[in-house]
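What follows is a set of notes on a single structure, which appears directly below.
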Amino acid sequence: MKLFSTAFLTILLSISTFAKVSRVERNALVKLFESTNGKQWNVKWDLSTSVATWYGVKVENDKVISVNLQNNNLVGEIPAEILNLKNLRELHLHKNKISGAIPSNIGQLKELKVLNLSFNSLSGVIPASVCELTNLKNLELYMNVLSGVLPMEIGALKQLEIFSVFNNELGGQIPNSLYEITTLKTLLLNSNKLIGTLSTD
């Protein structure tokens, strides 16, 4: 009987541990693991353990608030399911081998303060929805193969301090709204195909 009780409590504890992070958020992380060849990461996740123990994942009040997997040999694409991490404040995937496009609805991650996808092989455009990330302070997309133009409403990011998109294939004019961001401390646009002149205002 004692053995049965111990086993029951172990199972119950295991279930309660998983329950700390919602199934939706856990599934989003598992999809990221699968989409970026998680079995070959430098530091892997043990999917049989609590999400709170996974490398680079920070949980607060049972919500995933940070995913920091920089320089961890992620190979593949960012899955659309990443948008289910509604409480995410930081997505840091610098220096991996991620390809494909930035999720077009990235603007759904309203709590994001740091979005660093630099030093990968991302292609396509910078989604216009990035301008909906009004809490964003750090936007780093440099050293990819992004093309198209800078989003026209980039000036909506009123808290932005770092905007770094150098070494891409971005073209067109620099949006006038960019000059409306008074919080900017670092602006790196070099090594692109931008045209026109900088505002003197």
Nearest heavy-atom pair of Pro79 and Lys31: which atoms, and what distance? CB-CG, 3.6 Å

Ring centroid separation for Tyr55 and Trp41, is it under 6.0 angstrom? no

Whether Asn68 side chain and Gly56 backbone form a donor-acceptor pair below 3.5 Å: no

For Leu32, is there any backbone N or O sitting under 3.5 Å from a side-chain donor or acceptor partner on Ser35? no

Has Trp54 got a side-chain atom pairing as donor or acceptor with Asp46's backbone, closer than 3.5 angstrom? yes

Do Leu122 and Leu170 belong together in a cluster built from hydrophobic side chains that touch within less than 4.5 Å? yes

NZ-OG distance between Lys113 and Ser66, expressed to the nearest 0.5 angstrom: 11.5 Å

Can any side-chain N or O of Asn138 pair as donor or acceptor with the backbone N or O of Val114 at less than 3.5 Å? no

If every non-hydrogen atom of Asn42 is compared with every non-hydrogen atom of Asn71, which pair is closest and at what distance? ND2-O, 3.3 Å

Separation of Leu74 CG from Ile98 CD1 (nearest 0.5 Å): 5.0 Å

Calculate, to the nearest 0.5 Å, the distance between atoms CZ and CD belonging to Arg89 and Glu111 respectively. 7.5 Å

Co-membership, hydrophobic cluster, residues Leu187 and Leu115, 4.5 Å side-chain: yes

Rounded at 0.5 Å granularity, tell me how far CD1 in Ile181 sits from CD in Glu161. 11.0 Å

Let me check something: do Leu184 and Leu157 share a hydrophobic cluster, defined by ILVMFWY side-chain heavy atoms less than 4.5 Å apart, either directly or through other members? yes

For Asn61, I'd like to know if atom CG has over 12 heavy atoms of other residues, nucleotides or ligands within 6.0 Å. no

Common cluster, Leu83/Val51, ILVMFWY with side-chain heavy-atom separation under 4.5 Å: yes

Is it true that the side chains of Glu140 and Ser118 contain a donor and an acceptor less than 3.5 Å apart? no

Heavy atoms of Pro151 and Ala128 approach each other most closely as CB-CA, 4.3 Å

If the condition is ring pair (Phe, Tyr, Trp, His ring centres under 6.0 Å), which residues does Phe166 pass it with, not counting sequence neighbours? Tyr142

Charged N to carboxylate O below 4.0 Å: is that the case for Lys86 and Glu25? no

Is Lys58 paired with Glu90 through a side-chain N to carboxylate O contact shorter than 4.0 Å? no

Counting only heavy atoms not in Lys44, do more than 12 fall under 6.0 Å of its NZ? yes

Closest non-hydrogen atom pair, Thr134 against Gln159: O-NE2, 3.4 Å

Got more than 12 heavy atoms from elsewhere within 6.0 Å of NZ, Lys97? no

Using only atom types and a distance under 3.5 Å, with no angle test, would you say the side chain of Asn72 pairs donor to acceptor with the backbone of Leu69? no

Working to the nearest 0.5 Å, report the span between CG of Asn167 and CG of Leu188. 10.5 Å

When you measure from the side chain of Asn96 to the backbone of Asn73, do you find a donor-acceptor pair of N or O atoms at a distance under 3.5 Å? yes

With no hydrogens and no angle check, is any side-chain donor or acceptor of Ser123 less than 3.5 Å from a backbone partner on Val145? no

Okay, side chain of Asn192, backbone of Leu194: is any donor-acceptor separation there less than 3.5 Å? no

Has Asn120 got a side-chain atom pairing as donor or acceptor with Ser99's backbone, closer than 3.5 angstrom? no

Ile102-Val125 co-clustered via ILVMFWY side chain contacts under 4.5 Å: no

Quick check for you: to the nearest 0.5 Å, what is the distance between Ile82 atom CD1 and Gln108 atom CD? 12.5 Å

